[in-house]
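Heavy atoms only: backbone and side chains are in, while hydrogens, waters and symmetry mates are out. The chains referred to below are lettered A, B, ... by the order of the sequence lines, with proteins before strands, and numbering in each begins at 1.
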Amino acid sequence: MFGLVDCNNFYASCERVFRPDLNGKPIVVLSNNDGCVIARSNEAKKLGVPMGAPAFKHRELFEKNDIKVFSSNFALYGDMSNRVMSILSTYTPKMEIYSIDEAFLNFDGFELFDLPMMGLEMREKILKGTGIPVSVGFASTKALAKIANCVAKKFPERTGGVYLIDTDEKRLKALKWLKVEDVWGIGRQHAKKLAYLGIRTAFDFVQLPDSWVKNNMSVVGLRLKRELEGERTLELEDIKQKQSIATTRSFDKMYTTLPELNERVVTFAVTGAEKLRQQKCCCNALMVFIHTNYFKDDLAQCNRNIVLKLPYPTNSSSELAKFAKEALAQIFLKGYSYKKAGVILLDIIPEMPHQLNIFENSNPKHKALMKAIDRINGDFGSHKVILAAQDPARRWKMKQENYSPRYTTKLDEIITIKCE
DNA sequence: TCTGGGGTCCTAGGACCC
DNA sequence: TCTGGGGTCCTAGGACCC
């Protein structure tokens with residue numbers, strides 16, 4: 001059996017943990033730059049706030065309904081996620097943290113256990129220990145566990161937030177209930193094609209011939225079909241090192257000159273390099289991209305990217321910054337207003353051992369230098385030591401008008417309790 | 001005025017090898 | 001007139017996930 005534990009409205013729930021006055025009230029969390037809605041409490045969903053909605057288009061709806069708006073606070077969400085995962089890890093050694101708010105648990109060998117009871121206990125323990133409500137689904141495959149979780153979340157009164165699919169009858173009932181576009185692994189494009197064929201539910205999907213599924217949805221679709229039929233094709237995945245590390249941002253205003261973009265791109269490269277060193281890896285290539293604002297049809301559009309193969313693998317901030325600058329210089333065109341840029345580190349390999357180049361290698365002194373910088377920034381706060389090419393005044397602040405305190409990770413933002 | 005960010009996997013087709 | 005067969009690697013693009 002697999003278990004899937006998923007936090008309910010995770011970011012919204014995190015914001016409410018330390019604001020119990022907001023329980024039962026509609027709240028939304030916005031993306032970086034306060035751009036789009038990326039999380040909604042159940043109350044906000046009921047009021048018709050769509051997922052991904054641009055905030056500026058819904059200001060009126062927010063105000064009229066007294067919807068509390070938050071800027072995203074990833075320091076808080078990341079820490080709350082760790083707490084939830086750490087409680088979950090006490091239930092089985094075999095666990096895959098699938099995303100910030102959900103984890104697959106493997107319960108092979110737990111045949112004698114009462115899984116639904118265990119699910120209820122998990123729920124309770126996590127709620128008590130972190131304040132985050134979760135839903136739990138159990139089934140024989142990952143895709144079915146996802147569906148069981150959906151059922152648990154959709155009918156909390158009837159299920160208590162925990163649902164187990166352990167018979168064919170329950171499996172078929174769930175498949176007939178679930179809309180095909182809500183199946184894990186079926187996205188917008190495939191859903192459109194399926195709708196055209198009159199496929200409405202997960203059950204309808206499973207009736208399709210294998211050949212059609214293979215031809216139209218490749219082996220990925222076929223594996224999914226097997227999973228829904230109850231045949232295990234997906235296993236828990238190990239925590240692997242990342243194959244690519246992206247740092248990309250939209251700007252607060254349009255940038256038109258190379259020096260302005262240089263500063264951004266260097267900072268992105270440095271951020272990527274830090275993540276690279278954290279996972280003890282080097283990269284062999286990087287991509288830099290820039291583009292204009294594609295929401296503005298009336299402006300001239302420019303969308304360019306380049307992949308630079310590096311002469312040697314490195315994780316040095318200054319070397320990667322240098323290469324990123326070179327790459328940017330090659331794609332930058334004058335006369336456009338740029339809105340977004342990014343640096344993506346590619347072809348990632350372990351730091352040790354790696355193949356040295358006969359002629360040219362990463363500057364050996366950088367290793368100690370980076371270690372020192374990482375330690376200083378780790379102890380005294382990030383951005384204490386930066387490259388000269390980065391903006392020392394940090395003028396490029398993100399728009400975050402409703403940023404909540406970092407209750408759990410910052411000593412001076414911790415809550416104060418008054419005892420009378 | 002204002003529209004997020006970070007990932008993975010698979011396939012087809014081209015270039016190349018013997 | 002007639003032009004093999006079997007591979008690998010790389011890339012761009014498309015699909016999906018949170």
Near-ring test Y338(A)/F332(A), centroid separation under 6.0 angstrom:
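Centroid distance F332(A)-Y338(A): below 6.0 Å, so yes.
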Close aromatic pair by centroid cut-off 6.0 Å: F104(A) and W184(A):
yes
Return yes when atom [atom1] of [X] has more than 12 non-hydrogen atoms of other residues, nucleotides or ligands closer than 6.0 Å, and no otherwise.
X	atom1	result
E124(A)	CD	no
K340(A)	NZ	yes
Q207(A)	CD	yes
K153(A)	NZ	yes
R200(A)	CZ	no

Between [atom2] on [N] and [atom1] on [X], what's the gap in Å once rounded to a whole number?
X	N	atom1	atom2	answer
K339(A)	dC2(B)	NZ	P	6 Å
R59(A)	dC2(B)	CZ	P	13 Å
Q400(A)	dC2(B)	CD	P	18 Å
N33(A)	dG5(B)	CG	P	6 Å
H58(A)	dC2(B)	NE2	C1'	13 Å
M287(A)	dG7(B)	CE	P	13 Å
I97(A)	dG7(B)	CD1	P	16 Å
E274(A)	dG6(B)	CD	P	14 Å

Please state whether the rings of F251(A) and Y255(A) are parallel, tilted or perpendicular, taking 30° and 60° as the class boundaries.
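It falls in the parallel class, under 30°.
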Does the plane of the ring in H291(A) sit parallel, tilted or perpendicular to the ring in Y294(A)? Use 30° and 60° as the thresholds.
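Judged by the thresholds at 30° and 60°, the geometry between H291(A) and Y294(A) is tilted.
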Here's one to test your reading of the geometry: is the NZ or CZ of R158(A) within 45 degrees of the ring axis of F155(A) and under 6.0 Å from its centre?
yes
Check every strand shown and say whether [X] touches a base, only sugar-phosphate, or nothing at a heavy-atom separation below 4.0 Å.
X	value
K399(A)	nothing
T247(A)	sugar-phosphate
I344(A)	nothing

Which residue lies toward the 5' end of DNA chain B, K242(A) or F74(A), if each is placed at its nearest nucleotide?
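First, find each residue's nearest nucleotide; the 5'-ward one identifies F74(A).
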Where each residue is assigned the nucleotide of DNA chain B containing its nearest heavy atom, which of R223(A) and F295(A) is assigned the position nearer the 5′ end?
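Looking at DNA chain B, the more 5' nearest nucleotide goes with F295(A).
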Distance below 4.0 Å between [X] side-chain N/O and [N] OP1 or OP2:
X	N	answer
K253(A)	dC2(B)	no
S250(A)	dG5(B)	yes
K340(A)	dG5(B)	yes

Five-pair end axes of the helix from dG5(B)-dC18(C) to dC18(B)-dG5(C), angle between them (10°)
0°
When you check every protein heavy atom under 4.0 Å of nucleotides 8-18 of chain C, what one-letter string (B, S, -) results, 5' to 3'?
---S---SSSS
In whole angstrom, give me the gap between the P atoms of dT3(B) and dC18(C).
25 Å
